[in-house]
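Residues: numbered from 1 along the sequence shown.
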Amino acid sequence: MKRVARGEPLPWGLLPLGALLLPFLVLVAQGIPRLGGALAAWDVALNSLLLALVGTLLVLALGLLLAALALWGGVGRGLEALLFLSFYIPPFVTGMGLLFTFQSFGVALYGAKGILLAWTLHYAPMAYALLRPALGPLWPLLRAARVHGVVGVRRLRVLLPPLLPSLLSAGGLVYLALLGNFGVPAVLGLPARVYVLPTLAYARLNSPLSPDPIGEAAALGLLLGLLALPALLLRPRPLLEAASEGPPSRKPLYALLFALYALLSLGLAAWGLLREALFNPYTGALEPAFAAALALPLVVKGLGNSAFLALATASLLALLALALRPFPQALARARQALDLHHTLPGTLLALGLILLLAPTPLYATPWLLLLAYLLNFASPAFRALEAGLRVEAQVAAARVHGLPFWRAWLRVGYPLLLPQARGAFFLTFPLALSEITLSSLLYAPGAETVGVAVLGALNGGLYREAAAVGLILAALSGLALLALGRRGW
């Protein structure tokens, strides 16, 4: 057997990366024979497609506007953190907050309009982060167009071609996120009987009347995968490189507009949650519902289980990324293989794991959910180490002075990478803590997560308790974002 020299990248064959695709392969194999029955839900598939497409256009338009305001106004990290706070709040908590806020004004937000509003407000920061680097190089084009007399709407002919690849790439990622989102449609769609494929798969999987619940859910999952396939193929590389150049003169008015939007977006979700959780809806008196929420057994169990799963997921992924960091090619290949799990709708991964592991003792245990979390959140954790500080030169210097390979990494390389490892932890922890798509399909009875507990409270009419737990999750997300900001992320 050929030995791998120290410091050399691990060969592809030594890492079982091909096995990472097994859940998807099993889903395809099990779903194809039942695809004909799933086509009877063509109206739900069409609804999912239209909502995701319209939502993507709204998110891209708002994200592009925010990116332009940020560049024109010279927005810094402080205002960006305020904007990203609304993205760090779990999507289903955003949906709950908007529902309660609009209810206070006598407006029912259920149905497609509520789903689209929640998606637009929640995912606009994601589009902003993807599109802002592409706008920097456009300022020289704008100046050149102005010099040559190209003004007004005609400037779009100059700006659109170089910006289009970035718009398509960002649009593909946003579309996949919306297509696979479960929490917002569950909160705002199910009460109005507005179904999308993730919520319909959940309903079929948990239906006591279905003769083959797993098979029907697998077929719906395959249909969801077919809708996601074009976005995976439509991922062109942007023609523009990120640049720090901005407009010649920064206008404080645009920074003010950016800040006002960030406050409005955050306030629309927070106001409803605060009003519902803090005040008695009948008397208007201040009666916080936090104690009542934490007295619910399902909430207590959910918070405990989610905290354990989030801590285990974030810690294991940070450690695994550190272990692979001395082998950059192996880390890159593992991250590339795991990108699919993070990019594709979580419903596909959950259904694939059910089909793959249903005959094993792992099924219907918390460990299956931990496995799903590790697969789903590995990509961003690995990226944090992959894109971090380059320490190879320092490690090489230590080896020149006589330290063996692993001692050089332990004494020189890893201490320098600890900030990136902490960044990977704080990036992954809040995502796993409030995860709901995987949890709704894979949780074991008695081991429910906090997202499942919140949905259970909503379905049981315990709106104040659900709002209180939503505020707790929002606060934890804010603390994680603060920790990332202090580390320079």
**Request:** Go through the structure and list residues passing ring pair (Phe, Tyr, Trp, His ring centres under 6.0 Å) with His342, not counting sequence neighbours.
**Result:** none

Closer than 3.5 angstrom, by distance alone: can the side chain of [X] be matched with the main-chain N or O of [Y] as a donor-acceptor pair?
X	Y	result
Ser477	Ile89	no
Ser169	Ser166	no
Glu435	Ser439	yes
Ser265	Tyr261	no
Thr313	Ala310	no
Thr428	Phe425	no
Asn47	Asp43	no
Thr101	Leu268	yes
Thr343	Leu340	no
Ser440	Thr437	yes

**Message:** Please determine whether side chain to side chain contact (heavy atoms under 4.5 Å, CB included) holds for the pair Val93 and Val187, giving the CA-CA distance in whole Å, both sets of side-chain angles, and the decisive distance to 0.1 Å.
**Reply:** CA-CA 9 Å; Val93 175; Val187 172; over 6 Å; no

With rounding to the nearest 0.5 Å, note down the distance linking [atom1] in [X] to [atom2] in [Y].
X	Y	atom1	atom2	answer
Tyr123	Thr94	OH	OG1	9.0 Å
Arg34	Ile214	CZ	CD1	9.5 Å
Glu465	Leu458	CD	CG	10.0 Å
Ser48	Leu220	OG	CG	9.5 Å
Leu266	Leu83	CG	CG	9.5 Å
Ile472	Leu303	CD1	CG	6.0 Å

Which heavy-atom pair separates [X] from [Y] by the least distance, and what is that distance?
X	Y	answer
Ala468	Phe290	O-CE2, 3.6 Å
Ala201	Thr347	CB-CG2, 4.2 Å
Ala124	Leu62	CB-CD2, 3.6 Å
Gly172	Ala231	O-CB, 3.9 Å
Ala45	Leu223	CB-CD2, 3.8 Å
Ala321	Leu331	O-CD1, 4.4 Å

Anything under 30° is parallel, anything over 60° is perpendicular, the rest tilted; go ahead and classify [X] against [Y].
X	Y	answer
Tyr414	Trp409	tilted
Tyr463	Phe100	perpendicular
Phe327	Phe405	tilted

**Item:** Ring centers of Phe24, His341 separated by less than 6.0 Å
**Value:** yes

[X] versus [Y]: any side-chain heavy-atom pair under 4.5 Å?
X	Y	result
Leu344	Leu349	no
Leu173	Met126	yes
Pro328	Glu386	no
Tyr175	Pro230	no
Leu431	Tyr88	no
Leu131	Leu60	yes
Arg335	Ser379	yes
Leu98	Leu188	no

**Any donor-acceptor N or O pair under 3.5 Å, side chains Thr449, Asn305** = no

**Message:** Please determine whether side chain to side chain contact (heavy atoms under 4.5 Å, CB included) holds for the pair Leu178 and Asn181, giving the CA-CA distance in whole Å, both sets of side-chain angles, and the decisive distance to 0.1 Å.
**Reply:** CA-CA 5 Å; Leu178 301 185; Asn181 183 256; 5.5 Å; no

**Prompt:** So Leu232 and Leu176, side chain to side chain contact (heavy atoms under 4.5 Å, CB included) or not? Walk me through it.
**Reply:** CA-CA 8 Å; Leu232 288 177; Leu176 289 171; 3.8 Å; yes

**Asked** In this structure, are over 12 heavy atoms from other groups packed under 6.0 Å from Lys113 atom NZ?
**Response** yes

**Message:** Listing request: all ring-ring contact (aromatic ring centres under 6.0 Å, His included) pairs with a residue in residues 183-232, at least two apart in sequence or in separate chains.
**Reply:** Phe182-Tyr202

**Prompt:** Under a 4.0 Å N-O cut-off, is there an ion pair linking Arg464 with Glu276?
**Reply:** no

**Prompt:** Given Leu338 and Phe377, is the side chain to side chain contact (heavy atoms under 4.5 Å, CB included) satisfied, shown in steps?
**Reply:** CA-CA 8 Å; Leu338 290 162; Phe377 299 119; over 6 Å; no

